[in-house]
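From a predicted model like this one, the values you see are computed outputs, not experimental measurements.
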Amino acid sequence: MASSSKPKKTGRLRSKLQRLFSSSSSVRDDRDGEPIAQDLQAPVQDPSLPDNLRGLTPPRAPVVGTQRRYTGAPAENVASSTGASASSSMFSRARNFNVGGNIQIDSSQHVQHVHNAQDKSIDGWKMLLENITSNAFYDSGARFDPPKCDEDTRVEVISEIMDWIGDQDSPKRLLCMTGAAGAGKSALQQTIAERCADSGILGCAIFFSSQDPTRNNLSRIVPTIAFQLGQHDPTLQDCIRKAIEKDPPIFTRTIRTQMDTLVVRPFKQLQANPAFDPGSFPHVMLIDGLDECAGEERQAELLSAIKHCLLDNDLPFRIFIASRPEWAIRSALNPETRGYLYPLAYHIQLSDKYDATEDIRRYLWRRLQDIGSQSYDLRARSKSWPTVEDIEKLVLAASGQFVYAATIVKYVSERRSSPVDRLQTVVDWTPEEGRLARPFEALDVLYAGILSAAKESYEAVDTHRGRNFLLLLRAHHINSNARLGFGWCAPNFDEILSLERNAHEVLVSDLHSLVVFHQQSSLMCFYHKSFSDFLDSETRSMNLFIPEIQVKAAHVYNGSAAVALVLYSDKGNLLSGQQILALAHNDGWRKLDELVGYIIPMTKSSAFLAVIFVIMRRLKNKLNEPGLADALKPYYNKWRELVKTYFVENKMEGLLIHLPPEELEEGEMEEGQGRQEESDSSAHEVLR
C-alpha cells in the first residue's frame, strides 16, 4: 500500500508545480508582449507544498533607474521572444528535477539564476544598501539648504566646468578644482550637481563633511558610488549585486579593490551588453571636499584608486573633484615634481584664476535687500539700506572669499533682531574684551578647525618635537606685515627662528587653504584678511591665540641676534642685560652679519646701528664685559661703513647725520640707564 501510494503523491505534487509555474509564465509584459515570469516577485505560498518549497521567490524583476533620460539596457534575466514564448512550463526542458533539501534545476532558460536555497540567504543589493552613506548625496536631507551659487554669480567658472563636462571627446577626463577655504567650492559643486541631475547626466555625487562621521572617511564611499551608478541601469545593478554575493566581505577590503569589484568590473560587463548605449548613460561623477576626509593618506588612497581604476580603465566618466589645496591633491597635481595626476587632470585654481569680488558685491546687495524687505524694522525696508559704504567695507574684508559674505548674511538674517543693528555690529566690530556679539562665529569655527588639525599634524612629527606650531606661525604672521621692524623673507626668517632652511614650507603644509608664501618676497600672504584678524584677536581665536609679546620674548631667549635687535629696537633700551649676554654668547653677531645685507637697504638702517652702538656701550660700561664689547666692535664698524656707502650711493647723504659715533666715549651715560641697572647687575647670575 505504501509503495503504491507514493508515486501518486509525487505525481500530484508535480502536476501542481506545473500548473503553478505554467500560469506564471503566461503573464505578458506590456512593453514587448513577451512572457516574463521574472516580473512576478511574490513568493510562492501554496500551503500544499512542502516546507522547503513554500516561500520560493521567482527571479527578481529589474529595478528601473531613476534618471529620466536613460532607460537602461535589457537585463539578461528577462526572457526574450526566442525560446520563451512557446513554453508551457518553466520546467519543460529540466533534466535533473529534484525536490529535496536543495533545488537543482537544469534549465537553460528561465531559472538559470536559481541554484540552491542557501544562495538566497545573501542579498547583495541589500548588503550594499547597508554600507552606503546617504548623507553624502547632493540632495540628502542631512545637507538641507546646502550652499549654492546665486543665478548671476560665478558665471564664468560654471560655464568653464559645464563646457568641460560636455566635451566628452576631451582626453582629460578628470577635473580638479582647488581653492582656499571658503572660496565657494562646495557651492559650485552643488550648483553643478543640480544642473547635471536636471539634464539627466549625473552618475553620482559625493559630498564629504568633516563634521559627519558617516561621510568624513572612506569606509562607505565606494559602495555609495556603486549604489548611485547601479540606480541608473538594472543590468548594472544586477552585476553589482552578484559581485557582492560572490564576495560578501568586499566592504572590508582596500578602496582600490572595492572600486575594481563594485564599479569597474560591473560596468565593463554592462559595456559588453550589445544593447548598452554608452552615450546615454549618466557620465558625471562629482566628489566635493576631499580635504574633509580624515587622514592625508586616505585622501591619497582615494585619488590613487580613481586614477588606477577609473582613468586607466578608460571608463566613460567625467570626474570632477573639489578640494582645498592640501597635501594629497597638491602633491598629485604638482607640475614641478610631475605628480601622477598632473598629466591627466584639468586643474582649476579657483582662488588664483577667478576674482570673486564682483560676485560677492552682487551677492551682498541682493541678500541684504531681501532680508530688509521682509523685516519689521522700517529702516531695513528703506531704499537707502544697506549703504554703499557698508557694502564696500564688507567686500574689502571678504578678500574674494565667499565664506565671509555668507557668514555675514547668515548673521544679519537672524529674525529675532533688527538686520540694521546686526549689520552695524559687523561693520563696527572690533575685538574688544568682554564683547558679547560674535558676528564671525561661523567663520571662526572654520579657522579654528583647520588650525587645530594643522597644529596636531605638525607637532606629531618626531623631528618637530618641542616646537610650538602656533608660536612659529604667529611669528611668520607678525613678520609678514613688518611688525618686527623689517619684513624678512621666509628663508632668512627660518634662520632667525633657528630652524632648518625652508622650514616655513613644512610649517604651512596643512594650511594652504588659508595662507601661501609670495613667490617674489617670500612673505606669508593670507587668502583671507579675516584669518589675519582671527590670529590677532584673542576674542576670536581663544585658546589658539598667541600674544605678540610672547613671540618677541621667545626668540630673544633663543639667542637669535637678528630677532632680538629687530623686535627690541628702541635704541637697545628694551633689551635686558640677560638678553644682551645671550646674544653675545650665542654667536649672535656672526649670524647677524650674514643677514645684514637685507637690513642695509632700508631707511631704518641707521636705527639698526644705534641698537648695536647701545649694546656695545652697555656691554662695556654696565655689564663689565669689555672683552665682549671689543668682539662686537669690528662688526659694528663694518656695518657702519656699509650703511654710509649705501646712503651715499643712493643720494641719501642727509641721513648721515643720524649715524651713531664711531667710538665709545669713556663714561658716556646711556639713555634709559636707570631702568636697566637692576637688570644688568643680575644678568650674569641668571645666565650662570
Side-chain angles (χ1 to χ4, degrees), residues 133 136 138 143 146-149 154 157-158 160-161 164-165 172-193 204-212 215-218 221-222 224-225 255 284-307 310-311 317-335 337 339-342 344-354 356 400-403 446-447 449-451 453-454 457 508-516 527-528:
T133 169
Y138 85 95
R143 300 184 61 249
K148 55 185 175 182
C149 303
R154 313 315 292 263
V157 65
I158 291 174
E160 181 176 359
I161 295 169
W164 173 83
I165 287 174
K172 291 189 174 181
R173 291 175 289 110
L174 173 65
L175 168 61
C176 294
M177 181 175 69
T178 57
K185 301 180 295 299
S186 292
L188 281 164
Q189 277 280 33
Q190 182 69 27
T191 301
I192 297 298
C204 67
I206 299 290
F207 283 77
F208 282 102
S209 172
S210 60
Q211 305 301 311
D212 186 339
R215 55 189 176 107
N216 66 359
N217 58 78
L218 297 185
I221 295 307
V222 177
T224 305
I225 292 173
I255 298 303
V284 179
M285 299 178 68
L286 306 178
I287 299 177
D288 180 65
L290 176 67
D291 55 280
E292 299 211 25
C293 171
E296 294 174 339
E297 292 77 11
R298 300 294 276 166
Q299 297 169 25
E301 183 182 3
L302 178 58
L303 290 175
S304 177
I306 289 172
K307 191 266 183 188
L310 302 182
L311 300 181
F317 297 114
R318 309 293 281 179
I319 308 164
F320 175 23
I321 301 174
S323 175
R324 296 172 191 160
E326 303 302 357
W327 172 81
I329 196 166
R330 196 174 71 249
S331 59
L333 295 171
N334 193 331
T337 59
Y340 64 92
L341 290 182
Y342 171 70
L344 304 174
Y346 179 43
H347 187 193
I348 295 178
Q349 294 174 287
L350 186 61
S351 299
D352 299 334
K353 185 175 182 179
Y354 290 98
Q401 308 305 319
F402 255 97
V403 67
L446 171 67
Y447 294 154
I450 296 173
L451 201 56
S457 298
V508 301
S509 60
D510 292 306
L511 292 175
H512 280 259
S513 61
L514 296 175
V515 301
V516 66
Y527 283 119
H528 304 239

Drop me the distance from [X]'s [atom1] to [Y]'s [atom2], to the nearest 0.5 angstrom.
| X | Y | atom1 | atom2 | answer |
| --- | --- | --- | --- | --- |
| Phe208 | Ile221 | CZ | CD1 | 4.0 Å |
| Gln299 | Arg330 | CD | CZ | 11.0 Å |
| Leu174 | Phe317 | CG | CZ | 14.0 Å |
| Leu188 | Leu350 | CG | CG | 6.0 Å |
| Ser331 | Tyr342 | OG | OH | 15.0 Å |
| Tyr340 | Leu303 | OH | CG | 4.5 Å |

**Message:** Applying side-chain contact (heavy atoms from CB on, under 4.5 Å) to Met177 and Glu160, what does each step give before you reach the verdict?
**Reply:** CA-CA 11 Å; Met177 181 175 69; Glu160 181 176 359; over 6 Å; no

**Message:** Apply side-chain contact (heavy atoms from CB on, under 4.5 Å) to residues Cys204 and Thr224 and explain how you reach the verdict.
**Reply:** CA-CA 8 Å; Cys204 67; Thr224 305; over 6 Å; no

Side-chain heavy-atom pair [X], [Y] within 4.5 angstrom cut-off:
| X | Y | result |
| --- | --- | --- |
| His512 | Thr178 | no |
| Asn217 | Arg298 | no |
| Glu292 | Arg215 | no |
| Ile287 | Ile306 | yes |

Compare every heavy atom of [Y] with every heavy atom of [X], then report the nearest pair and how far apart it is.
| X | Y | value |
| --- | --- | --- |
| Cys293 | Leu218 | SG-CD2, 3.6 Å |
| Ala183 | Arg154 | O-NH1, 3.1 Å |
| Ser513 | Glu326 | OG-OE2, 3.2 Å |
| Ala181 | Val403 | O-CG1, 4.2 Å |
| Phe320 | Ile192 | CE2-CG1, 4.2 Å |
| Asn216 | Ser210 | ND2-O, 3.3 Å |

**Message:** Between Ile450 and Asp510, does the side-chain contact (heavy atoms from CB on, under 4.5 Å) criterion hold? Intermediate values first, please.
**Reply:** CA-CA 8 Å; Ile450 296 173; Asp510 292 306; over 6 Å; no

Ignoring hydrogens and geometry, is there a side-chain-to-backbone donor-acceptor pair from [X] to [Y] under 3.5 Å?
| X | Y | result |
| --- | --- | --- |
| Trp164 | Arg318 | no |
| Lys353 | Ile348 | no |
| Lys185 | Ile321 | no |

**Worked verdict on Asp212 versus Thr133 for side-chain contact (heavy atoms from CB on, under 4.5 Å)** = CA-CA 10 Å; Asp212 186 339; Thr133 169; 5.6 Å; no

